[in-house]
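First up is the structure itself, then whatever we jot down about it.
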Number of protein chains: 2
Amino acid sequence: MAKNSNQIIKNLSTDCVIFGFDNSELKVLVIKLAVEPGKGEWALPGSNILQEENLDIAAKRVLKELTGLDNVYMEQLYTFGDVYRFPLFRVVTVAYFALVKIEDYKPEPGPKVSDAQWFSIKKLPKLPFDHNEIINYALKRLKQRVRIRPIGFELLPLKFTLSQLQNLYETIMDFDMDKRNFRKKILGMNVLVPLEKQKGVPHRAAKLYRFDKRKYDSLKEKGYNFEI
Amino acid sequence: MAKNSNQIIKNLSTDCVIFGFDNSELKVLVIKLAVEPGKGEWALPGSNILQEENLDIAAKRVLKELTGLDNVYMEQLYTFGDVYRFPLFRVVTVAYFALVKIEDYKPEPGPKVSDAQWFSIKKLPKLPFDHNEIINYALKRLKQRVRIRPIGFELLPLKFTLSQLQNLYETIMDFDMDKRNFRKKILGMNVLVPLEKQKGVPHRAAKLYRFDKRKYDSLKEKGYNFEI
DNA sequence: GCAAAAGTGTTTCCGCTACACCCATGA
DNA sequence: TCATGGGTGTAGCGGAAACACTTTTGC
């Protein structure tokens, strides 16, 4: 690798909106930086892109470095580049959004991070720069995507109940659905595999399911369109 | 304005995929540069972003400078930033796509452009860098967008017939539709205003329509969703 | 009168919606 | 036995799809 491969590109950064779902609320992971610039303020995890680093790779690296998260669903969101979005000098940022299984996430904030916290999407603090705008944009995109792509599962544990899934959709899309109709629809898609039952719940145990990506992929090839 | 406002940002550019429709084919406008780098090659119109220029503004400026196009529908598409996409040094490009009324377009190639030509989307030449990839991505996006946003009209003259409109959708989405069903659907949306009839056509004259953006906007506010 | 495209209704079918009660489990 | 959420079927409605012939115009 060339010797300048770790050099940062000063005017290019990536920021990531990380969504999580705790069975009742949609949340965003926000961090507090331990170093300047921005020390002590809550902000989206973000950092400069390196000279010899593709955008997707940069986004993954930054996520990992700042939050410890790895192997999560990520997608490029939009590029924000207003001249004065960063007050000191011009920085264009390529924003991504990530979906994580909140239960699995054990925060491992890197050395540059003094704190990391999930905030409900409804009670976000005021963040610096255009970070609130980025989150709003990500939320809008998530609402659209979740209906037509099977990505909601990324926010649930590998094994989940249909009620959890319905709850997820209701929370993100912000309206209630009929239980029977929801089950009919989702099971009719043939992309869920039934597993064993829950244990140790203080009520009738529900059946667990997992999403079968292979089945989905083969259906998609045949022209099938996921839609809720 | 600060004195460095016209300075270019060397590692940041914008490229634009310009779609047009000539009543039978979907086309992309490709230009031939009269100056280095890239002199003599067909390529997407693109150029560097300026130091004190927002992304959308840059995209519009570049479009105008290179093709003379102004006041057309534009939307940010995606940001392409593979390390070696541009062979000489690292350049990240924020791609846009534009929809133009091909009939109105009188090419006014700027001084840096020696030629500009519409190519059918099915017979594109091999373009340099990742430009073919960008076009494919734009096409994919257009196919999705045109179904759920009233943007197809941007590709037609202000006054158009229903057959032209249907033809446009069939061409972009690549399948045929039933004439009666199409008319019922589109007229049922209540976003088209009937106008006078065509004149001078060698067959029965069709009624012309125009898209009523105000009506659409007020419907949208009431929760109406455009969908074809 | 002929070629070419415009314009027009009805029936069928399928998928979405609405809707309410019994069941299993742990405390 | 009670509280909590799990699980199930059917009827009606509405929108989508299928389908073919007549009309207008210029040549």
Side-chain angles (χ1 to χ4, degrees), chain A residues 21-25 103 146-148 156-157 159-171 173-210 219 222-228, chain B residues 21-25 103 146-148 156-157 159-171 173-210 219 222-228:
Chain A
F21 179 67
D22 71 352
N23 277 329
S24 73
E25 283 188 313
E103 293 195 350
V146 86
R147 297 190 65 136
I148 55 169
L156 293 177
K159 300 176 181 185
F160 51 85
T161 69
L162 294 184
S163 295
Q164 278 179 298
L165 186 62
Q166 180 175 351
N167 197 233
L168 170 73
Y169 277 103
E170 289 180 341
T171 305
M173 286 162 34
D174 212 25
F175 63 82
D176 291 351
M177 307 180 202
D178 179 84
K179 184 161 59 159
R180 278 173 289 194
N181 294 338
F182 179 82
R183 283 164 186 246
K184 249 179 294 173
K185 195 161 190 174
I186 195 85
L187 290 178
M189 289 181 184
N190 261 18
V191 294
L192 296 190
V193 183
L195 304 169
E196 74 279 9
K197 289 205 168 174
Q198 280 182 315
K199 275 177 190 161
V201 286
H203 52 74
R204 177 171 175 179
K207 193 181 277 189
L208 293 165
Y209 292 84
R210 68 174 177 82
L219 284 171
K222 292 175 199 146
Y224 178 77
N225 275 321
F226 184 91
E227 180 159 1
I228 285 190
Chain B
F21 179 67
D22 70 353
N23 276 330
S24 73
E25 283 189 312
E103 292 195 352
V146 87
R147 298 190 65 133
I148 55 171
L156 293 177
K159 302 176 180 184
F160 51 84
T161 68
L162 294 184
S163 296
Q164 278 180 297
L165 186 61
Q166 179 175 350
N167 197 233
L168 170 73
Y169 277 103
E170 290 180 341
T171 305
M173 285 162 32
D174 211 26
F175 63 82
D176 291 351
M177 307 181 202
D178 179 84
K179 184 160 58 156
R180 280 172 288 192
N181 293 338
F182 179 82
R183 281 161 188 249
K184 249 180 292 174
K185 194 159 190 176
I186 195 84
L187 290 177
M189 288 180 184
N190 260 20
V191 296
L192 295 190
V193 184
L195 303 168
E196 75 279 8
K197 289 206 167 170
Q198 282 183 315
K199 273 174 190 162
V201 287
H203 51 75
R204 178 172 177 178
K207 192 181 278 190
L208 294 165
Y209 292 84
R210 68 173 177 83
L219 284 170
K222 294 176 198 144
Y224 177 78
N225 274 321
F226 184 90
E227 181 161 358
I228 285 189

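Sequence lines set the chain letters: A, B, ... in the order given, protein chains first and strands last, and positions in each chain run from 1.
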Run through A/L187, A/L165, A/V191 and flag the one making a side-chain contact (heavy atoms from CB on, under 4.5 Å) with A/Y209.
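Of the listed residues A/L187, A/L165, A/V191, the side-chain contact (heavy atoms from CB on, under 4.5 Å) partner of A/Y209 is A/L187.
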
Atom pair [atom1]/[atom2] of [X] and [Y] - distance to nearest 0.5 Å:
{"X": "B/M177", "Y": "B/Q166", "atom1": "CE", "atom2": "CD", "result": "6.5 Å"}
{"X": "A/L168", "Y": "A/L156", "atom1": "CG", "atom2": "CG", "result": "5.0 Å"}
{"X": "B/N167", "Y": "B/F160", "atom1": "CG", "atom2": "CZ", "result": "13.0 Å"}

Reckon B/S163 has a side-chain N or O less than 4.0 Å from the OP1 or OP2 of C/dA5?
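Checking B/S163 against C/dA5: no side-chain N or O falls below 4.0 Å of OP1 or OP2.
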
Could you check how far [atom1] of [X] sits from [atom2] of [N], rounded to whole Å?
{"X": "A/L165", "N": "D/dG5", "atom1": "CG", "atom2": "P", "answer": "18 Å"}
{"X": "A/F175", "N": "C/dC16", "atom1": "CZ", "atom2": "P", "answer": "13 Å"}
{"X": "A/D176", "N": "C/dT17", "atom1": "CG", "atom2": "C1'", "answer": "15 Å"}

Could you check if a side-chain atom of [X] sits within less than 4.5 angstrom of a side-chain atom of [Y], using non-hydrogen atoms only?
{"X": "A/L208", "Y": "A/E196", "result": "yes"}
{"X": "A/R183", "Y": "A/S163", "result": "yes"}
{"X": "B/Q164", "Y": "B/F21", "result": "no"}

Which of residues 196-208 of chain A sit near DNA chain D, with a heavy atom under 4.0 Å from it?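 Residues of residues 196-208 of chain A under 4.0 Å from DNA chain D: A/H203, A/R204, A/A205, A/A206, A/K207.
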
Q: Enumerate the residues from residues 178-194 of chain A whose closest heavy atom to DNA chain D is under 4.0 Å, giving them by residue number; use none for an empty result.
A: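 Going residue by residue through residues 178-194 of chain A, the ones with a heavy atom under 4.0 Å of DNA chain D turn out to be A/K179, A/R180, A/R183, A/K184.
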
ask   = Would A/I186 and A/I228 count as a side chain to side chain contact (heavy atoms under 4.5 Å, CB included) if you check the C-alpha gap in whole Å, the side-chain angles of each, and the deciding distance to 0.1 Å?
value = CA-CA 8 Å; A/I186 195 85; A/I228 285 190; 3.8 Å; yes

